[in-house]
Amino acid sequence: MEMIRRARTWATSSPLLVDSALAVGTWMVFLVLSGSQGEALLLTTLQVLPLAFRRTQPFGAAVVIAAACLLQVLIIDTPLIANVAALAIIYATVAYSAERWHAWVVGAFGLLGSVLGALDWVVNNAFITDYASVLVSLIPTTLFMWMSVAAAWMLGDVVRRRRAVVARLREQNEALARDQAQRAALAAQGERATIAREMHDIVAHSLSVVVVQADGGAYAARVALEQGSADSAALERAAQTLETLATTAREALTDTRRLVGVLRESGSAAEFEPAQGLANLVELVQRVRDSGVPVSLAVRGDVGELPRDLDLAAYRVVQESLTNVLKHAGPDASVGVDVLRTPAVLLVRVTDDGRGVGAPAQQLDDDGYGGAAVVPDGRGNGIIGMRERVEVLGGTLHAGPRPGGGFEVVASVPVTVSGEVSRTPEGVSSE
């Protein structure tokens, strides 16, 4: 089967070479069968050898064969076995010529040549002596030749139509392949953007906690060393700080490995999202509290049956907001996290009373966040990432300074849950 497939591929890619070999072989067979010589040899050669161009230059070959047939009518009065070449070139011209009018021209010349050939062969037949005999022989001969021309023409037209259909199907397949490649590229781009947001949230939050805890641990250790005695309280604070630092680093490493693993493994595109959600808010808030920032948490309503995308987006908004507090709110800042679930919307509000870290109003950080002393412009990745998460779910997000000082982030996202929605939310509050 493989050899046959290769042979067909080669024959399709080398039409002139294949047709030349067939034309020469047919010419030699006709010479042997008819014993052609002299004028018959010349006419057989002129009618058969042009078939070498039946696919590459079909109309030109048809013109040469038509001229040879006309010459045959003029110089001899008998048919030749080579006359079947006229039917072959009619078929080839209709099937392979790029111009449609070529098919109509060769068809018309085929019908006209049939009449001329029938007249020449019948009228000059020595056994026909009267006009009645001429008509009796001429009409069937002409009809037979016309039917032969029509059959060759229609067969070529069928082949031409089939080739056109195959060409259209091939173009459609190529277009579908290009469309599929573009869709795959867009999907990969969307996945990369989502993974980039996840990496930003994980790394930014975890490193912020690590930095704050490291500074606190270093300060407690220095205090104990400067006092020159074993201050158990300072050492305990340092130990607790280092434990929190290690826990945060391990969690960040686990989440990062999960995301990087998706990039390495095929077929895991749907598994790149970390498992955090609003159910993990208590751990998130406690980690920030361990960093020395007072955080109050209030969750009102049933948040246990939220859609996965909404649950993750709400968690990331709180996480990014707390990260910005650690980085920019300044000393002695406190934070309030308020999550409200209603049948229609999920409201997330994170506020702080920080005074900033003293950055000038024109110098914003990478997240466009600067506490009360800075007016954010939204040019950074943090607030942009939060806004993208919320807007893709049909919600809105506001981030900016509070009138009384500090900073606030407010996200409102419509809730769409399959199944029954609770109408009597239960409140949960922790300070």
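- Atom OG of residue Ser114 and atom CG of residue Leu87 lie 7.5 Å apart, to the nearest 0.5 angstrom.
- Taking CG of Leu111 as the reference point, atom CE of Met145 lies at 10.0 Å (rounded to 0.5 Å).
- The shortest heavy-atom contact between Ser412 and Val390 is O-CG1, 4.1 Å.
- In this structure Trp146 satisfies the ring-ring contact (aromatic ring centres under 6.0 Å, His included) test with no other residue, sequence neighbours excluded.
- Contact of the Asp19 side chain with the Thr56 side chain is not registered, since no non-hydrogen atoms from C-beta on lie closer than 4.5 Å.
- Phe59 approaches Val105 most closely through the heavy-atom pair CE1-CG1, 4.0 Å.
- Side-chain contact between Leu326 and Val293: present, with at least one pair of heavy atoms (C-beta onward) separated by less than 4.5 Å.
- At least one donor-acceptor pair closer than 3.5 Å links the side chain of Asp311 to the backbone N or O of Leu278.
- A donor-acceptor contact shorter than 3.5 Å is absent between the side chain of Ser14 and the backbone of Leu17.
- Looking at Arg341 and Asp302, no side-chain N of the basic residue comes within less than 4.0 Å of a carboxylate O on the acidic one, giving no salt bridge.
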Pair Gln319-Arg316, side chain to side chain donor-acceptor pair (under 3.5 Å): steps then yes or no: CA-CA 5 Å; Gln319 183 186 50; Arg316 289 306 188 199; 2.6 Å; yes
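- Among residue pairs with one or both ends in residues 391-401, none qualify as side chain to side chain donor-acceptor pair (under 3.5 Å); sequence neighbours excluded.
- Put simply, OG on Ser321 and CE on Met386 are 4.5 Å apart, with the number rounded to the nearest 0.5 Å.
- A search for ring-ring contact (aromatic ring centres under 6.0 Å, His included) contacts involving Trp27 returns nothing, not counting sequence neighbours.
- Among residue pairs with one or both ends in residues 149-180, those qualifying as ring-ring contact (aromatic ring centres under 6.0 Å, His included) are Trp104-Trp153; sequence neighbours excluded.
- For the residue pair Pro414 and Gly394, the shortest heavy atom distance occurs at CD-O, 3.5 Å.
- Taking CG of Leu306 as the start and CG of Leu312 as the end, the distance is 11.5 Å to the nearest 0.5 Å.
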Criterion side-chain contact (heavy atoms from CB on, under 4.5 Å) on Leu322 and Val337, from CA distance to verdict: CA-CA 9 Å; Leu322 294 178; Val337 178; 4.1 Å; yes
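- Residues Thr351 and Phe407 have side chains not in contact (no heavy-atom distance under 4.5 Å, counting atoms from C-beta outward).
- Residues Val106 and Ile89 form no side-chain contact, since every pair of their non-hydrogen atoms from C-beta on lies 4.5 Å or further apart.
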CA sep, side-chain torsions, deciding dist, call: Val413, Leu397, side-chain contact (heavy atoms from CB on, under 4.5 Å): CA-CA 9 Å; Val413 188; Leu397 182 134; over 6 Å; no
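- The distance from atom CG of Leu112 to atom CG of Leu116, rounded to the nearest 0.5 Å, is 4.5 Å.
- Atoms OG1 and CZ, from Thr45 and Phe30 in turn, are 12.0 Å apart once rounded to the nearest 0.5 Å.
- For the pair Val299/Leu297, a side-chain contact is recorded, criterion being any heavy-atom separation below 4.5 Å from C-beta on.
- Closest approach of Ala88 and Leu51 over heavy atoms only: CB-CD2, 4.1 Å.
- Within a 6.0 Å sphere centred on CZ of Arg402, heavy atoms belonging to other residues, nucleotides or ligands number more than 12.
- Panel note: side chain Asn173, backbone Leu169; a donor-acceptor pair is recorded below 3.5 Å.
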Criterion side chain to side chain donor-acceptor pair (under 3.5 Å) on Gln72 and Glu39, from CA distance to verdict: CA-CA 9 Å; Gln72 176 184 346; Glu39 297 173 346; over 6 Å; no
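- Salt-bridge annotation for Asp309 and Arg389: absent, with no side-chain N of the basic residue lying under 4.0 Å from a carboxylate O of the acidic one.
- Between Gly110 and Val149, the shortest heavy-atom distance links the atoms O-CG2, 3.8 Å.
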CA sep, side-chain torsions, deciding dist, call: Arg300, Asp338, salt bridge (Lys or Arg N to Asp or Glu O under 4.0 Å): CA-CA 8 Å; Arg300 293 171 290 169; Asp338 188 9; 2.6 Å; yes
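- The salt bridge (Lys or Arg N to Asp or Glu O under 4.0 Å) contacts involving residues 94-114 comprise Arg100-Asp157, where partners must be two or more places apart or lie in separate chains.
- Counting only heavy atoms from C-beta outward, the side chains of Glu320 and Ile383 never approach each other to under 4.5 Å.
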From CA spacing to verdict: side-chain contact (heavy atoms from CB on, under 4.5 Å), Val415, Thr342: CA-CA 8 Å; Val415 177; Thr342 70; 5.9 Å; no
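- The heavy-atom pair separating Ala314 from Leu346 by the smallest distance is CB-CD2, 3.7 Å.
- Residues Leu46 and Pro50 are not in side-chain contact: their nearest non-hydrogen atoms beyond the backbone lie 4.5 Å or more apart.
- For residues 88-98, the set of pairs meeting the side chain to side chain donor-acceptor pair (under 3.5 Å) definition, not counting sequence neighbours, comprises Ser97-His102.
- Taking the side chain as every heavy atom from C-beta outward, Leu347 and Val410 approach each other to under 4.5 Å.
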